[in-house]
> 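Below is one structure. I have some questions about it.
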Amino acid sequence: MLVGVVAFAPPAPAAPAPAAPCRPVQAEGETYTICTVDLRREKVRVFWRGADGQPYSSLSTLADKQGPSLRFAMNAGMYDKDQAPVGLYVEDGRELKGVSTANGPGNFHLKPNGIFYVKGDRAGVLDTARYLRVNPKPDFATQSGPMLVVDGHIHPKISSDGPSQKIRNGVGVRDDGRTAIFAISEHPVSFGAFARLFKDTLGCRNALFLDGSVSSLYAPALGRSDLSRPLGPMVGALAR
C-alpha cells in the first residue's frame with residue numbers, strides 16, 4: 001500500500017522592514033541627526049493644515065493624525081505669525097502659496113534662496129530662479145532660504161564660521177534625486193559648518209536651509225518627538 005506524501009512549501013520569508021531612517025552623524029566635532037529617504041521605497045511630502053483647515057502646529061499633532069506610517073518629520077520652511085508659509089507651498093499638486101522673489105531682511109531673503117520639491121519618486125533642491133525656469137510642476141514643494149549648497153559650492157554669502165550659532169535643520173538631495181537627506185544639529189552650529197555637512201559629509205550638490213531655533217524632529221525609532229514653538233509647514237516620510 002502506497003501512502004501519499006503531501007509536500008507543503010515553506011512560507012515565503014517576510015520582506016525585511018525598512019531600516020530606521022534617522023541616525024546620528026559626526027562632522028567637524030559636531031553631532032547631527034540625519035534622516036535618509038530612498039524615494040523609491042518611501043514617500044516624502046509636506047504638511048501644513050489638517051482636515052479642519054487649521055495648521056498642524058506641532059510634530060506631535062502631525063504624528064497623531066498620520067499614525068504609524070509616519071517614519072519621521074521635521075519643520076520645513078519659514079512661516080508668518082499665522083503659521084502660513086512665506087514662500088512657495090505645494091501640496092498634492094495644488095499651489096497653496098506662490099513663489100516669493102521679494103527682497104527683504106532675514107535668512108529667507110539671503111539670495112539665492114531655494115525650493116525643495118518632490119515629483120513622483122524623485123526630489124530636488126533648486127535655487128528659486130532656476131526653479132522658475134525649470135518649472136517642474138511638483139507634487140509637493142516648500143520654499144526657504146538661504147540655499148546652503150548650490151551645484152557643489154557653498155552659498156557665496158555664507159562665511160566659513162560666522163558668529164550666528166543656532167540649532168539648524170535643512171535638506172539636500174543626491175543620487176539623481178532618488179535620495180533625500182534631512183539633517184538637524186544637536187547643538188547650535190554656524191551656517192558654514194551646517195553647509196559643509198551637506199557638501200562634504202553627506203555628498204549633496206544642492207542643499208537648502210529650512211530654519212533655525214525652531215528646528216525640531218519627530219523620529220519614533222529614536223523615541224524622539226521634539227517640542228518647539230508653533231510650526232508652519234512640516235515635511236515627513238511615509239511608507240509607500
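Everything numeric in this text was worked out from a predicted model, so none of it was measured. Quick note: numbers below take in every heavy atom, side chains included, and nothing from hydrogens, waters or symmetry partners.
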> For Leu202 and Ala183, work out which heavy atoms get closest and say how close.
CD1-CB, 4.5 Å
> Does Val44 share a hydrophobic cluster with Ile181, counting links as ILVMFWY side-chain heavy atoms below 4.5 Å and allowing steps through other members?
no
> Atom CG in Leu227, atom OG in Ser60: separation rounded to 0.5 Å?
7.0 Å
> Starting at CZ of Arg71, measure out to CZ of Arg41 and round the result to the nearest 0.5 Å.
8.5 Å
> Do Leu231 and Phe72 belong to the same hydrophobic cluster, where Ile, Leu, Val, Met, Phe, Trp and Tyr are linked whenever their side-chain heavy atoms lie under 4.5 Å apart, directly or via other members?
no
> Among Leu126, Val125, Asp127, exactly one meets side-chain contact (heavy atoms from CB on, under 4.5 Å) together with Val150. Which residue is that?
Asp127
> Using the side-chain hydrogen bond (donor to acceptor under 3.5 Å, both in side chains) criterion, which residues pair with Asp121? Sequence neighbours excluded.
Arg178
> Can you tell me if Ser216 and Asp226 form a side-chain donor-acceptor pair at under 3.5 Å?
no
> Is there a side chain to side chain contact (heavy atoms under 4.5 Å, CB included) between Leu132 and Thr101 once you walk through the steps?
CA-CA 10 Å; Leu132 289 171; Thr101 58; 3.9 Å; yes
> Keeping to residues at least two apart or across chains, list the ring-ring contact (aromatic ring centres under 6.0 Å, His included) pairs with something in residues 24-50.
Trp48-Tyr89
> Decide yes or no for Met78 and Asn113: does some side-chain heavy atom of the first lie under 4.5 Å from some side-chain heavy atom of the second?
no
> Does anything in residues 136-149 form a side chain to side chain donor-acceptor pair (under 3.5 Å)? List the pairs, not counting sequence neighbours.
Thr128-Gln143
> Any chance you could lay out the side chain to side chain contact (heavy atoms under 4.5 Å, CB included) test for Met234 and Thr61, step after step, and finish with the verdict?
CA-CA 11 Å; Met234 293 175 253; Thr61 299; over 6 Å; no
> Hey, does Pro55 have a side-chain heavy atom less than 4.5 Å from the side chain of Tyr79?
no
> Taking all non-hydrogen atoms of both residues into account, name the closest pair between Ser100 and Phe108 and its distance.
OG-CE2, 3.8 Å
> Just verifying a value: how many Å separate Asn135 CG and Arg130 CZ, rounded to the nearest 0.5 Å?
15.0 Å
> Can you run down the salt bridge (Lys or Arg N to Asp or Glu O under 4.0 Å) pairs that involve residues 230-240, sequence neighbours left out, and say none if there aren't any?
none
> Following the transitive rule for hydrophobic clusters with a side-chain heavy-atom cut-off under 4.5 Å over Ile, Leu, Val, Met, Phe, Trp and Tyr, establish whether Val235 and Tyr56 coincide in one cluster.
no
> When rounded to the nearest 0.5 angstrom, what distance separates CD in Gln54 from CD in Gln83?
9.0 Å
> Thr179: what forms a side-chain hydrogen bond (donor to acceptor under 3.5 Å, both in side chains) with it, not counting sequence neighbours?
Asp175
> What pairs of donor and acceptor atoms, side-chain ones from residues 154-161 against any protein atom, are under 3.5 angstrom apart with sequence neighbours left out?
{"from": "His155", "atom 1": "ND1", "to": "Lys157", "atom 2": "N", "distance (Å)": "3.0"}
{"from": "His155", "atom 1": "NE2", "to": "Leu110", "atom 2": "O", "distance (Å)": "3.3"}
{"from": "His155", "atom 1": "NE2", "to": "Lys111", "atom 2": "O", "distance (Å)": "3.1"}
{"from": "His155", "atom 1": "NE2", "to": "Pro112", "atom 2": "O", "distance (Å)": "3.4"}
{"from": "Ser159", "atom 1": "OG", "to": "Gly162", "atom 2": "N", "distance (Å)": "3.3"}
{"from": "Asp161", "atom 1": "OD1", "to": "Ser190", "atom 2": "OG", "distance (Å)": "2.9"}
{"from": "Asp161", "atom 1": "OD1", "to": "Arg196", "atom 2": "NH2", "distance (Å)": "3.3"}
{"from": "Asp161", "atom 1": "OD2", "to": "Arg196", "atom 2": "NH2", "distance (Å)": "3.2"}

> Would you name the heavy atoms of Ala27 and Leu197 that are closest together and state the gap between them?
CB-CD1, 3.9 Å
> Distance check, rounded to the nearest 0.5 Å: Phe194 atom CZ versus Lys166 atom NZ?
13.5 Å
> For residues 75-102, which residue pairs pass the salt bridge (Lys or Arg N to Asp or Glu O under 4.0 Å) check, not counting sequence neighbours?
Arg45-Glu91
> Would you sort out whether Ile167 and Ile184 count as a side chain to side chain contact (heavy atoms under 4.5 Å, CB included), showing the intermediate values?
CA-CA 7 Å; Ile167 293 177; Ile184 183 170; 4.3 Å; yes
> Residues two or more places apart in sequence or in another chain: which of them pass side-chain hydrogen bond (donor to acceptor under 3.5 Å, both in side chains) with Thr201?
none
> Determine, step by step, whether Leu217 and Cys35 satisfy the side chain to side chain contact (heavy atoms under 4.5 Å, CB included) criterion, reporting the C-alpha distance in whole Å, the side-chain angles of both residues, the deciding distance to 0.1 Å, and the verdict.
CA-CA 10 Å; Leu217 174 67; Cys35 302; 4.0 Å; yes
> Is Arg224 salt-bridged to Glu186, cutoff N-O under 4.0 Å?
yes
> Transitive ILVMFWY cluster of Leu222 at side-chain heavy atoms under 4.5 Å: who else is in it?
none
> In the single-linkage hydrophobic clustering (I, L, V, M, F, W, Y; side-chain heavy atoms under 4.5 Å), do Leu70 and Val37 co-cluster?
no
> Not counting sequence neighbours, list each pair that qualifies as a ring-ring contact (aromatic ring centres under 6.0 Å, His included) and has a residue in residues 109-129.
Phe116-Phe182, Tyr117-Tyr131
> Can you check whether Arg229 reaches Ser213 side chain to side chain, under 4.5 Å on heavy atoms?
yes
> Under a 3.5 Å distance rule, please check whether Ser185 uses its side chain to pair with a backbone N or O of Arg168 as donor and acceptor.
yes
> List in chain and number order the residues that pass ring pair (Phe, Tyr, Trp, His ring centres under 6.0 Å) with Tyr218, two or more places apart in sequence or in another chain; answer none if no residue qualifies.
none
> Calculate, to the nearest 0.5 Å, the distance between atoms CG and CZ belonging to Leu96 and Arg49 respectively.
6.0 Å
> Could you state whether Leu62 and Val214 fall into the same hydrophobic cluster, counting links through intermediate Ile, Leu, Val, Met, Phe, Trp or Tyr residues with side-chain heavy atoms under 4.5 angstrom apart?
yes
> Are any of the side-chain heavy atoms of Leu208 and Ile115 separated by less than 4.5 Å?
no
> According to the side chain to side chain donor-acceptor pair (under 3.5 Å) rule, which pairs have a member within residues 202-212, sequence neighbours left out?
none
